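First listed ligand is number 1; within each ligand, the first listed atom is number 1. Given the structure is predicted, the values throughout are model-derived calculations rather than measurements.
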Amino acid sequence: MGVGMVRRILLSYLVIISVTIALLLFIVHQRTAQTFSRYLSDQASIHSRMLPVMLASYFVEHKSWDGVQKNIDEASVLIGSSVSLLDAQGYVVAATQRSAIGRSFDADPALGQSIPIVGGEGQVLGQIYVAHNPARQRADQAFLDDITSALVATGALVALVAMGLGVFLARSISRPMTAMAQAAAQIARGEYAVRVSPASGPEISALAQAFNHMAESIGRLEEVRRELVANVSHDLRTPLTVIRGYLEGLRSGQIADRRSAEVAFEAMYAEVTRLLRLVEDLRFVARQDAGVPLTERRAVAVSELFEDVIRRVTPFALAKQVQVSHEVPAQLPMVEVDVDQMGQALFNVLENGVNYTPSGGAIFLRAGATDAHVWLAVEDTGVGISPEHLPHVFERFYRADRSRGRQNDSGIGLGLTIARGIVECHGGQISVTSDGIAGHGSTFTIVLPIPCLAHAG
Ligand code: ADP
């Protein structure tokens with residue numbers, strides 16, 4: 001592609017340069033020729049106007065043409081052509097070519113120009129004949145030819161330099177393009193780490209940067225895709241294996257008595273619930289990725305949100321013997337949210353709190369407001385999150401401790417991703433603090449803009 005592109009760019013340069021230079025040469029040549037011939041005819045007309053006047057006054061002064069030969073010789077030198085002076089009867093009285101003197105003269109208009117000499121009363125005193133000078137004409141033509149060839153040489157030189165620059169320019173455009181085309185081909189083959197180096201020139205540099213960003217995003221997407229497939233297949237496989245184990249036990253008659261069968265059904269029910277939850281979470285993330293907008297926002301009291309989510313988590317909390325309580329200041333402004341979604345976000349955070357807090361622990365939901373924001377906090381007294389995991393807990397499929405997560409019957413690392421997506425959709429932010437010491441627990445804080453202020457602004 002590189003060579004073809006250079007060739008195409010060069011070809012268009014060649015056409016532009018040739019047309020421009022040809023036009024320029026044509027115009028300059030025409031103008032020079034015109035100006036030059038005007039200059040020559042001006043010169044000639046000066047002489048042709050001066051000479052008869054001078055000769056007329058000579059005749060008036062001397063009453064004859066006697067001794068005029070000297071003047072004709074001078075005029076001849078001045079004009080650069082042979083000059084003949086004829087008296088009123090048409091006989092040559094003085095001439096550059098002495099041999100013609102005394103003869104009658106037939107003026108040939110093709111070879112020269114005849115100009116009458118007129119006296120003060122309008123009487124014709126004679127005429128002057130100025131022959132064209134072929135040598136002079138040849139010199140004039142040679143002068144014009146010189147100018148033409150100088151113009152052509154300059155044009156050729158300019159064309160050469162322009163083509164040289166064209167080659168340079170075409171290469172500097174085509175080289176990064178070729179590099180990008182090769183990089184794109186590599187990406188198509190799955191080599192996502194490839195990057196192009198930023199080229200010279202702001203536009204191509206911007207293109208290279210955009211390309212690198214694109215390569216990076218594709219690489220990241222591919223990584224997410226691989227992770228997704230790996231995680232999902234792993235998380236599907238585990239409950240399915242458990243269910244199959246129980247089903248085989250039932251089929252082979254190993255699980256025969258009613259008690260064992262009940263245990264088996266309970267366990268299978270739990271696994272199916274897990275599977276459903278997984279599928280639901282995936283659906284939610286997919287919808288977030290597709291940018292499905294929030295449907296129903298309404299003003300709601302934070303205490304209402306808290307009470308609702310505590311009601312939902314109570315069965316798990318009771319089972320784990322974790323105490324959940326809340327406290328909301330009376331004057332706290334309402335928040336404007338999609339209640340179902342914000343409830344889901346809070347539920348995910350609170351459910352984690354229950355999962356990662358040992359029996360006997362407690363979870364505390366608090367809220368408060370600053371000038372422009374309302375904050376909701378979920379504090380637990382659980383295992384905490386160590387500093388190396390802290391920046392990652394909101395990432396997809398991230399689990400600080402995979403084995404523990406599974407034992408605690410947590411999700412697959414999408415709960416906080418979903419919570420963050422929902423909060424950000426509301427123009428808010430979610431963050432976490434923890435010193436990573438077991439028993440000190442973690443605090444998740446959701447900050448939401450106060451709607452009336454947002455509207456007033
Ligand atoms: P999961 O579905 O595995 O709970 P989340 O996205 O909800 O995934 O959480 C990601 C990880 O963050 C969890 O696996 C866990 O390691 C850590 N985590 C979340 N909440 C808490 C908490 N309250 N206490 C300790 N660790 C937590």
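- Minimum interatomic distance between Ser434 and Gly441 (heavy atoms only, all atoms of both residues): OG-O, 3.0 Å.
- Contact annotation: Gly384 has at least one heavy atom less than 4.0 Å from an atom of ligand 1.
- Each of the atoms 2 (O), 6 (O), 8 (O) of ligand 1 lies under 4.0 Å from some heavy atom of Leu414.
- Distance CG/Leu169 to CD1/Ile173: 4.5 Å, rounded to 0.5 Å.
- Annotation: Leu416 places an N or O atom under 3.5 Å from an N or O atom of ligand 1; distance criterion only.
- Of the residues listed (Val335, Val300, Val302, Leu305), the one engaging Met342 in a side chain to side chain contact (heavy atoms under 4.5 Å, CB included) is Leu305, and it is the only one.
- Of all the atoms in ligand 1, the ones that sit under 4.0 Å from a non-hydrogen atom of Gly413 are 1 (P), 2 (O), 3 (O), 6 (O), 8 (O).
- For ligand 1, the atoms closer than 4.0 angstrom to any heavy atom of Phe444 are 20 (N), 23 (N).
- Considering backbone and side-chain atoms together, Asp380 places an N or O closer than 3.5 Å to an N or O of ligand 1.
- The shortest N/O to N/O separation between Thr417 and ligand 1 does not fall below 3.5 Å.
- Taking any N or O of Tyr356, backbone or side chain, at least one lies under 3.5 Å from an N or O belonging to ligand 1.
- Heavy-atom contacts of Tyr398 reach the following atoms of ligand 1: 10 (C), 11 (C), 14 (O) (cutoff under 4.0 Å).
- With sequence neighbours left out, Val447 forms a side-chain contact (heavy atoms from CB on, under 4.5 Å) with His373, Trp375, Thr445.
- Classification of the Phe444-Phe394 ring pair by plane angle, with boundaries at 30° and 60°, yields perpendicular.
- The ring-ring contact (aromatic ring centres under 6.0 Å, His included) test applied to Phe26 returns no partner, not counting sequence neighbours.
- Using a 4.5 Å cut-off on side-chain heavy atoms (C-beta onward), Leu165 and Tyr13 make no contact.
- Between Gly382 and ligand 1 there is no heavy-atom distance shorter than 4.0 Å.
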